[in-house]
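No hydrogens, no waters, no symmetry mates; every other heavy atom, side chains included, goes into these values. One-based numbering, in listed order, for ligands and for the atoms of each.
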Amino acid sequence: MDDAMTALPLVFDAPRRGMPPRHLADLTREEARAAAADLGQPPFRADQLARHFYRGVTDPALMSDVPAAAREALAEALLPGLLTPVRHQTADGGRTRKTLWRLHDGALVESVLMRYPDRATVCISSQAGCGMACPFCATGQQGLTRNLSAAEIIGQAVAAAAAMANGEIPGGPGRLSNVVFMGMGEPLANYARVRTTLRALLGSAPYGLGLSQRSVTVSTVGLVPAIRRLTDEGMNVTLAVSLHAPDDELRDTLVPINTRWKVGEVVDAADAYARRTGRRYSVEYALIRDVNDQPHRADLLGRLLAGRLAHVNLIPLNPTPGSPWDASLLPAQREFVARLRAAGVATTVRDTRGQDIDGACGQLAAADSVSVPSVAVGPLAGARRELASGGGQGGPSTVEPPVELGAEGDQ
Ligand code: SAH
């Protein structure tokens, strides 16, 4: 393994700089209504704004149920524009669409909307960059720029829901059915804001998107205390754990957080989550050729998971720039699957949608680039050109040594 690739520090504490202004989606219903009252408006104005926001309406001029004289002030105070689309890139005949967003401080994040015959899933980012330093992941190699606010995370899902509703994705108008926290960042390292986001995704109108618990998936490297905390929230969303190795020796190198919380502790915490929610968790395992795809590791993983409420989702490694690693060859993939199934472990192989637009798992790096694939440029080409000369990544990640996980106060 290339030592240079594992040299990044683990970073838990996101810099405070760059956090955006307050937004209605950061607030509870009560707080939002109080904020409307503070602006000299009846509290129900907050409900009206919420309804517009969650339907993807951003232009105050379209909020015709709010008196014209109050619209601008209300929107400015409670619905500041936080996400500016820089460009869309599409694949699969338009049914996979990656959006690059610029945040108010210039930081860049991406989300990916994938439409299938029976569902539409958006993969959203919870942080700009990531502090978890996994050497095979493009985002992990960037380091952490900052946490996203709840409204910045929610806004990605709202935009996807609006794109579906407005018929922007081939197949006619439809509904966003699933959200996965598998974009940039480690969601459980931005715990409080991700919890606010979950409440908004599951919440009913006007203060939410009304998604079902099982159609929302939180994916984590395995921050054990945060998994336990999520277990106690009673939200019953689907949990995915990025394992990538059944043994501590290898996992220490592939998922550096393993040096803090070991394989056994991670699966124990996931088991407790499954017992509490009654829902199987997914174990994500990127199959990396000659690194973690050996038959004996399949057997080890099978023994580790047999009898647990787990389902294995194998992901043939998606290539990332500068990485010496490749996806496992097909025969090795098949052997791996066969051995897991023989051990009685439910196993699927994930499709790698969006690989050709660097939109597949682990490929999100949000680098704005002047060379955009010809399939890619949507109606936002002008904005892209404007940004090509500046507005790049936020600064380098913090180099402070890892500290304890930020708790509630991490707002
Ligand atoms: N930080 C969270 C969510 C982000 S990534 C987590 O680690 O779970 C979503 C999934 O993509 C994770 O399982 C991650 O390990 C995986 N992944 C990262 N890089 C990948 C790559 N190059 N190929 C395939 N999967 C990758």
Side-chain angles (χ1 to χ4, degrees), residues 5 8 10-12 14 109-112 114 121-144 147-148 153 156 178-191 194 197 216-224 226-227 230 237-245 250-251 253-258 261 266 269-270 273 281-289 291-293 310-328 333 348-356 358-366 405:
M5 298 197 64
L8 280 179
L10 279 164
V11 179
F12 293 98
V109 297
E110 293 177 319
S111 57
V112 186
M114 293 158 283
T121 301
V122 66
C123 175
I124 58 174
S125 296
S126 55
Q127 298 181 309
C130 185
M132 296 295 110
C134 301
F136 55 90
C137 176
T139 317
Q141 288 305 298
Q142 281 192 323
L144 179 62
N147 281 322
L148 300 195
I153 309 172
Q156 298 167 58
N178 295 66
V179 175
V180 296
F181 286 78
M182 295 189 187
M184 303 171 77
E186 166 51 40
L188 296 188
N190 188 12
Y191 190 91
V194 164
T197 302
V216 175
T217 300
V218 174
S219 180
T220 177
V221 285
L223 303 186
V224 167
I227 294 174
L230 188 66
V237 293
T238 301
L239 179 70
V241 173
S242 297
L243 205 63
H244 305 307
L250 179 59
R251 194 169 191 265
T253 68
L254 294 181
V255 186
I257 195 65
N258 198 69
W261 293 291
V266 173
Y273 186 85
Y281 58 97
S282 326
V283 167
E284 295 168 276
Y285 198 107
L287 280 173
I288 313 175
R289 180 179 174 182
V291 172
N292 65 353
D293 65 349
H311 163 275
V312 174
N313 202 214
L314 298 170
I315 318 164
L317 186 79
N318 295 309
T320 58
S323 163
W325 294 324
D326 300 316
S328 302
Q333 291 182 28
T348 50
V349 180
R350 180 180 298 171
D351 74 353
T352 49
R353 270 234 191 173
Q355 226 195 56
D356 41 349
D358 284 347
C361 289
Q363 293 188 312
L364 301 187
L405 268 182

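- Looking at atom 4 (C) of ligand 1, its nearest protein heavy atom turns out to be G183 O, 3.5 Å.
- Under a 4.0 Å criterion applied to the non-hydrogen atoms of L317, ligand 1 contributes the atoms 21 (C), 22 (N), 23 (N).
- At least one N or O atom of F136 sits closer than 3.5 Å to an N or O atom of ligand 1.
- Residues Q141 and P135 form a side-chain contact, since some pair of their non-hydrogen atoms from C-beta on lies under 4.5 Å apart.
- You'll find the side chain of M132 reaches within 4.5 Å of the side chain of L223, heavy atoms only.
- Distance from atom 5 (S) of ligand 1 to its nearest protein heavy atom, with residue and atom name: M182 O, 3.7 Å.
- Taking a 4.0 Å cut-off on heavy atoms, M184 fails to register as neighbouring ligand 1.
- At the shortest separation from atom 23 (N) of ligand 1 among protein heavy atoms lies N318 N, 2.9 Å.
- Here the side chains of V255 and S242 are not in contact, with every heavy-atom distance at 4.5 Å or above.
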- [ ] Starting from the C-alpha separation in whole Å, work towards a yes-or-no answer on side chain to side chain donor-acceptor pair (under 3.5 Å) for E186 and S126.
- [x] CA-CA 7 Å; E186 166 51 40; S126 55; over 6 Å; no
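- For atom 16 (C) of ligand 1, the nearest non-hydrogen atom of the protein is C361 CB, 4.2 Å.
- With sequence neighbours excluded, the residues forming a ring-ring contact (aromatic ring centres under 6.0 Å, His included) with Y285 are F336, listed by chain and number.
- The two residues V266 and W261 come nearest to each other via the heavy atoms CG2-O, 3.9 Å.
- Residue E186 places a heavy atom less than 4.0 Å from ligand 1.
- Near H244, the atoms of ligand 1 lying under 4.0 angstrom from a non-hydrogen atom of the residue are 13 (O), 14 (C), 15 (O).
- For ligand 1, the polar-atom distance check against R350 finds no nitrogen or oxygen pair separated by under 3.5 Å.
- Each of the atoms 6 (C), 7 (O), 8 (O) of ligand 1 lies under 4.0 Å from some heavy atom of V221.
- Considering both main-chain and side-chain atoms, G185 comes within under 3.5 Å of ligand 1 through a nitrogen or oxygen pair.
- At a threshold of 4.5 Å between non-hydrogen side-chain atoms, the residues F181 and I124 count as touching.
- Using a 4.0 Å cut-off to heavy atoms of F181, the atoms of ligand 1 that qualify are 3 (C).
- With a 4.0 Å cut-off on non-hydrogen atoms, T139 does not touch ligand 1 at all.
- Side-chain contact check for L254 versus W325: some heavy-atom pair is nearer than 4.5 Å.
- Per-residue contacts place C137 under 4.0 angstrom from the following atoms of ligand 1 (heavy atoms of the residue considered): 18 (C), 19 (N).
- Of the protein's heavy atoms, E284 OE2, 3.5 Å lies nearest to atom 10 (C) of ligand 1.
- The protein heavy-atom contact nearest to atom 6 (C) of ligand 1 is S242 OG, 3.3 Å.
- Counting heavy atoms from C-beta outward, Q333 and L314 have side chains that stay 4.5 Å or more apart.
- The closest protein non-hydrogen atom to atom 19 (N) of ligand 1 is G362 CA, 3.0 Å.
- The atoms of ligand 1 that sit less than 4.0 Å from any heavy atom of T320 are 22 (N).
- For C123, the side-chain contact (heavy atoms from CB on, under 4.5 Å) criterion is met by V112, M114, V180, M182, not counting sequence neighbours.
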